[in-house]
Amino acid sequence: MKLTSLKSNVIIEPFRIRSVEPIRFTTIRERQKLLGNASWNPFLLKAADVLIDLLTDSGTGAMSSRQWSAMIESDESYAGSSSYYRFETAVRDITGFKHVIPTHQGRAAENILFSLLVRKGDVIPNNTHFDTTRAHVEHNGGLPRDLLIKEGLEPLTIHPFKGNMDTEQLEQTIRETGRDRIPVIMLTVTNNSGGGQPVSMANVREVSRIARKHGIPFFIDACRFAENSWFIRIREEGYQDKKPIDIARELFSYADGCTMSAKKDGMSNIGGFLALNDDALARECRSLSILTEGFPTYGGMAGYDMEAVAAGLYEALDEGYLRYRIRSTAYLGEKLVDAGISIIQPTGGHAVYIDARQMLPHIPPLQYPAWSLTNALYLTGGVRAVEIGSVMFGLQPDGTEKPAPMELVRLAIPRRVYTQSHIDYLAEVVIHTYGQRKKLGGYRIVSEPTVLRHFSARLEPITAGAV
Ligand code: F0G
């Protein structure tokens, strides 16, 4: 008798675990005290007091034995180290860009690029600027413009590529602003602030066509390029049989350069790069990187960091890994949807985004419903998430406050760190908190810095006892 192979629905982690790190259980009373001491800001908690840490997928992934072994063999020479050349070869192989400038993380690449390109009053179109990108544009006097398609702002609308840029709005922005006031067009893949939603290849191609027609440089914010490539493969006509690496290569081929945080799809704990084709701009970028990052063949990274990234970029493109990664995020999303919780749909690549405005209609936007839910998740189950709402985006450059377009709580999943049972527990925590949603109250800000306030603002619950 012929045996058949099991077709399992279980999401098996495509790795074995050989090194473990304990996590700490706390009681709700302890967590209440810990969060109060952290001024009700989860960024100010000690990581050791968190059971499941979903603050970010950035730099929090587990590295492979191959990455660790490459790190042991690193070359720490100041100039021209072989680790740099391995890094450069990997980045060039995947992106096709001529010049590769290492930086200590993504925002350092943004700093170099925007310091050189952006002048006061310039307009920078993007599908959605991530907070550091927005801050760098504004720091240089530029005006960030988010030109996301309208479906991208509707949490429940199902669309395969909710990260797409509205190319008509792009054309209109260029017409109104004038080509000379637009030094660069950016596209963020996947669109982190808009729900980790992918951008289609067709959209990348169209943005590229428009940028070239007007002679405007086109750069990709490539943090999650591998996850985006996987979405193209499973959702876009004509890519089903293509390897993720070839999809990534095509995606980069339409751009003039990219900024990259290797802490995401570089599978590394630190690192990044700026890669580009323009020789003259690359020369200027290298000069500036010497000032702010280091010599151009290490740029703020140790040789071993560059080794980790060189290996990690390929691991992020592994088919088995990407299938598990995207499927396990979707699994969490499905559990929450089945329980009646509103999330951005379809689920993104690196995170599930809960729609807190929908869940907590009794908390006004400027009493920060998504912040309230984030704190409640920590209190009920020791889970640390991040608010992407009016605390993160509400403060305007002139000091006034305005509600953010969406009030989201992001559950970002670190790469290769948590197992299926962690994900099941996490779903239980969110569902349990949802059951108590009417008890949640708003927050007020007690003190805040002038930029990127969510990192260090101090808050307090508006109604004592309502947390
Ligand atoms: N661009 C995007 C789309 C990002 O998500 C991030 C970081 C950056 C740029 C900046 O990179 O942190 O290496 O300087 N996102 C992290 C997050 C912090 O939690 O989503 P970085």
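Just so you know, ligand 1 is whichever comes first in the structure, and atom 1 is the first atom listed for that ligand.
- Between Phe225 and Phe252, the ring-plane angle classifies as tilted under the 30° and 60° cut-offs.
- Using a 4.0 Å cutoff on heavy atoms, Arg224 counts as a contact of ligand 1.
- Among all protein heavy atoms, the one lying closest to atom 9 (C) of ligand 1 is Glu110 OE2, 3.1 Å.
- Nearest protein heavy-atom neighbour of atom 12 (O) of ligand 1: Arg107 NH2, 2.9 Å.
- In this pair, Tyr78 and Phe295 present their aromatic rings tilted. The plane angle is within the 30 to 60° band.
- Among protein heavy atoms, atom 21 (P) of ligand 1 sits closest to Gln105 NE2, 3.3 Å.
- Shown in contact with Gly106 at under 4.0 Å from a heavy atom are these atoms of ligand 1, numbered in order with element: 11 (O), 13 (O), 14 (O), 21 (P).
- Here the heavy atom of the protein found nearest to atom 10 (C) of ligand 1 is Thr132 OG1, 3.5 Å.
- Comparing heavy-atom distances from atom 20 (O) of ligand 1 across Arg410, Lys264, Lys263 singles out Arg410 as nearest.
- Every heavy atom of Gly272 sits 4.0 Å or more from the atoms of ligand 1.
- Annotation for ligand 1: atoms under 4.0 Å from non-hydrogen atoms of Thr188 are 3 (C).
- In terms of protein heavy-atom proximity, atom 13 (O) of ligand 1 is nearest to Ser261 OG, 2.6 Å.
- If you check the side chains of Asp424 and Tyr331, you find a donor sitting under 3.5 Å from an acceptor.
- Asn192 ND2, 2.8 Å is the protein heavy atom nearest to atom 5 (O) of ligand 1.
- Ring planes of His136 and Phe114: tilted class, angle from 30 to 60°.
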For a side-chain hydrogen bond (donor to acceptor under 3.5 Å, both in side chains) check, start with the C-alpha distance between Tyr443 and Asn41, then their side-chain angles and the critical distance, and finish with the verdict.
CA-CA 11 Å; Tyr443 279 78; Asn41 182 344; over 6 Å; no

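- Remark: the Ser74 side chain and the Glu76 side chain contain an N/O donor-acceptor pair separated by less than 3.5 Å.
- Annotation: Cys223 places no N or O atom under 3.5 Å from an N or O atom of ligand 1; distance criterion only.
- Of the protein's non-hydrogen atoms, Phe130 CD2, 3.6 Å is the one closest to atom 8 (C) of ligand 1.
- At a threshold of 4.0 Å, the pair Lys264-Glu227 does not count as salt-bridged, since none of the basic side-chain nitrogens sits closer than that to a carboxylate oxygen.
- A donor-acceptor contact under 3.5 angstrom links the side chains of Thr188 and Asn126, judged on distance only.
- Side-chain contact annotation: Glu293 with His104, donor-acceptor N/O pair under 3.5 Å present.
- Of the protein's non-hydrogen atoms, the one nearest atom 1 (N) of ligand 1 is Asp221 OD2, 2.7 Å.
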